[in-house]
Amino acid sequence: MENSEKADYVVIKAHENGVHVIGLTRGQDTRFHHTEKLDKGEVLIAQFTDHTSAIKVRGKATVFTKHGNIETES
């Protein structure tokens, strides 16, 4: 899956300062492996990989995916 042509991307746009984006690992034990903090107006492009199975967003943001857009509530 490391081939970037096959991996899914998501875009996160922060609507407030201090939005946290957390990458979670694959495997037997799900763990945090990467954290980013975004300020209002900042955008992060993230990719699902062999190591990243989930992405958690904490704070007001819009998440853009190939499946549609999602607005967080807090």
Side-chain angles (χ1 to χ4, degrees):
M1 183 187 228
E2 283 293 309
N3 184 342
S4 62
E5 294 175 13
K6 294 182 181 179
D8 285 329
Y9 290 86
V10 297
V11 176
I12 299 108
K13 181 176 181 181
H15 295 297
E16 66 182 2
N17 290 336
V19 171
H20 289 270
V21 181
I22 303 161
L24 300 156
T25 62
R26 288 187 189 278
Q28 294 275 66
D29 300 319
T30 300
R31 291 177 279 172
F32 298 126
H33 75 82
H34 188 83
T35 302
E36 289 290 333
K37 185 175 176 183
L38 303 177
D39 286 331
K40 186 176 182 176
E42 289 186 323
V43 173
L44 177 71
I45 301 169
Q47 180 182 30
F48 289 98
T49 67
D50 287 341
H51 301 291
T52 304
S53 64
I55 297 171
K56 180 178 181 175
V57 179
R58 187 177 292 155
K60 287 189 112 9
T62 302
V63 180
F64 301 91
T65 75
K66 69 179 183 181
H67 304 288
N69 304 338
I70 304 159
E71 296 282 334
T72 63
E73 295 182 13
S74 61

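Atoms considered below: every heavy atom in the structure, side chains included; atoms not considered: hydrogens, waters and symmetry mates.
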- request: Could I get the full list of side chain to side chain donor-acceptor pair (under 3.5 Å) partners for Glu36, not counting sequence neighbours?
  value: His34

field: Inter- and intrachain pairs under side-chain hydrogen bond (donor to acceptor under 3.5 Å, both in side chains), touching residues 11-20, at least two apart
entry: His15-Thr62

At what distance, to the nearest 0.5 angstrom, does [atom1] of [X] lie from [atom2] of [Y]?
X     : Y     : atom1 : atom2 : result
Thr35 : Arg58 : OG1   : CZ    : 9.0 Å
His33 : Leu24 : NE2   : CG    : 7.0 Å
Thr65 : Ile70 : OG1   : CD1   : 5.5 Å

- prompt: Is a side-chain donor or acceptor of Thr72 paired with a backbone partner of Ala61 at a separation under 3.5 angstrom?
  reply: yes

Side-chain donor-acceptor pairs under 3.5 Å in residues 37-45, sequence neighbours left out?
{"residue": "Glu42", "atom": "OE1", "partner": "Asp39", "partner atom": "N", "Å": "2.6"}

field: With Ser53 via side chain to side chain contact (heavy atoms under 4.5 Å, CB included) - residues at least two apart
entry: Arg26

